[in-house]
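Every chain is numbered from 1 and lettered A, B, ... according to where its sequence line falls, protein lines coming before strand lines.
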Amino acid sequence: MLLSCPWCGSRDESEFVCGGTTHIARPALGASDAEWGEYLFFRDNPKGVHRERWRHAYGCGQWFNVARHTVTHEVVAVYAMGEAPP
Amino acid sequence: MKYSALALLRGALTSQRHWQPAWASPEPKAAYDVVIVGGGGHGLAAAYYLAKNHRITRVAVIERGWLGGGNTGRNTTVVRSNYLFPESARLYDFSLRLYEGLSGELNFNIMLSQRGQVTLAHSRHDLESMSRWVNTLHMHGIDAELLGREQVAALAPALDLSPTARVPVLGGFLQPRGGTARHDAVAWGYARAASALGVDIIQQCEVTGFVRGAAGRVTAVETTHGRIGAERVAIAAAGHSSVLAALAGFRLPLTSYALQAMVTEPLKPRLDTVVISPGTGVYVSQSDKGEMVIGGSLDLFPSYAQRGSFAVMQSVLAGTLAMFPSFSRLRVMRQWAGIVDVVHDSSPIIGPTPVPGLFINCGWGTGGFKAIPAGGWTLAHVLATGRNHELAEPFQLERFVSGRFIDEAAAAGIAH
């Protein structure tokens with residue numbers, strides 16, 4: 001798999017750590033147990049393009065978003081935290 | 001046809017031309033009482049126990065690829081039941097007990113070899129937590145023995161036990177009834193026995209949708225071989241469970257990861273137990289063919305690619321050589337990965353889903369092979385009776401709302 005840090009460029013896969021699915025909105029304070037469980041544990045887990053967080057843990061330490069295909073591992077987009085998905 | 005020495009001798013008179021295919025491969029019928037999606041170990045075992053324990057034989061197992069071509073044929077064949085919590089200990093030890101009688105039960109040699117499984121301790125703290133672990137297992141009625149360094153040396157002399165080892169070994173613990181079984185034979189044995197009882201096994205048939213009737217109840221599955229009606233449907237698809245659940249309109253608390261394994265070229269007997277090292281994150285056993293079978297950590301990012309990345313393979317092999325320096329000249333012959341369905345608490349889900357009439361067996365993560373008989377048995381029970389099996393009761397989807405987890409991460413062997 002080839003990953004590219006937006007700050008440091010293309011680096012070895014072992015420098016990165018995956019932080020799982022991104023764009024998960026925290027429910028409101030009055031959320032029910034079911035909504036809270038859904039937020040914490042239930043995931044789309046798609047076979048296809050997955051939007052996820054990565055951290056250049058053994059490099060600059062920055063977080064960023066990646067849209068990546070879970071079968072081919074092809075990176076479709078790299079974009080900043082807080083940015084809307086492309 | 002019963003497999004026996006007598007059948008082999010009789011066949012000698014006819015140049016062994018009397019053997020029949022081990023299971024029938026019929027076209028799907030219009031409808032069944034139960035359709036099981038997934039022809040791996042868990043799905044085939046569920047079909048067998050539906051027929052055997054519950055006399056329900058209008059059953060089809062639908063497999064997208066070939067039997068046991070998923071995780072059943074991609075694991076490292078280890079069986080054990082040294083789990084920490086009572087719910088898991090009961091479930092996994094029930095599974096191991098079924099494995100112990102399975103060759104006879106199925107009339108198919110699954111080559112169960114209870115050569116013992118050694119978990120290494122690398123620090124004083126490891127030794128302390130292992131004595132707790134062993135005591136807990138004794139309370140569950142499961143065999144376990146605490147080992148000193150000399151006892152580890154006697155069981156696995158190929159290990160580097162010198163004080164200067166990269167990860168020094170201080171001791172460990174043994175489950176004597178742990179060991180290995182022939183993974184393909186488990187799938188084939190259940191398939192043959194289920195087919196003999198009337199179950200239809202349909203390969204190269206992919207489920208493309210679920211048909212819902214009154215009150216949202218599932219009434220049929222759409223497949224590449226057409227629509228197949230069903231009173232009840234079960235999903236037993238491991239890493240692809242989320243894909244099937246999405247077709248049925250719900251989500252699961254799963255993430256799919258690639259877990260890789262590899263084998264070296266065969267060599268003479270060098271290791272006659274299973275060794276797992278939490279320190280290096282590697283476990284090793286020697287197959288009956290002589291290959292060293294090596295497993296390790298997950299590729300820690302979501303993946304449906306059945307291959308695994310080079311970076312993880314490198315670290316797994318580095319760990320292997322830290323444990324067994326004498327393996328350094330061995331060549332790795334094959335490397336592959338299975339897609340495992342990892343749950344937050346590393347425990348399975350066996351029971352109903354939000355869709356009426358649709359049941360699921362998933363969430364075994366990195367440890368599904370050892371659980372095949374119990375997973376099949378308990379899934380068959382809920383399919384036949386509509387009630388959860390007693391052993392499966394704690395392993396329901398509700399726990400992700402109630403918070404009543406069975407957090408077995410500590411007993412999963414390798415920290416993922």
Mind listing the donor-acceptor pairs under 3.5 Å that bridge chain A and chain B?
| residue | atom | partner | partner atom | Å |
| --- | --- | --- | --- | --- |
| A:Glu13 | OE2 | B:Ser309 | OG | 2.9 |
| A:Glu38 | OE2 | B:Arg251 | NE | 3.2 |
| A:Glu38 | OE2 | B:Arg251 | NH2 | 3.2 |
| A:Phe42 | O | B:Arg251 | NH2 | 3.3 |
| A:Arg43 | N | B:Leu252 | O | 3.3 |
| A:Asp44 | OD1 | B:Arg251 | NH1 | 2.9 |
| A:Asn45 | O | B:Tyr304 | OH | 2.7 |
| A:Asn45 | OD1 | B:Ser256 | N | 3.0 |
| A:Asn45 | ND2 | B:Ser242 | OG | 2.8 |
| A:Asn45 | ND2 | B:Ser256 | OG | 3.0 |
| A:Asn45 | ND2 | B:Tyr304 | OH | 3.3 |
| A:Lys47 | NZ | B:His240 | NE2 | 2.8 |
| A:Arg68 | NH1 | B:Pro302 | O | 3.4 |
| A:Arg68 | NH2 | B:Pro302 | O | 2.6 |
| A:Thr70 | O | B:Tyr304 | N | 2.7 |
| A:His73 | NE2 | B:Ser303 | OG | 2.7 |

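Most heavy-atom pairs under 4.5 Å with chain A, from the set B:Pro302, B:Gly239, B:Ala305: that is B:Pro302. Per-residue counts of heavy-atom pairs under 4.5 Å with chain A were compared for B:Val343, B:Leu254, B:Val312; the largest is that of B:Leu254.
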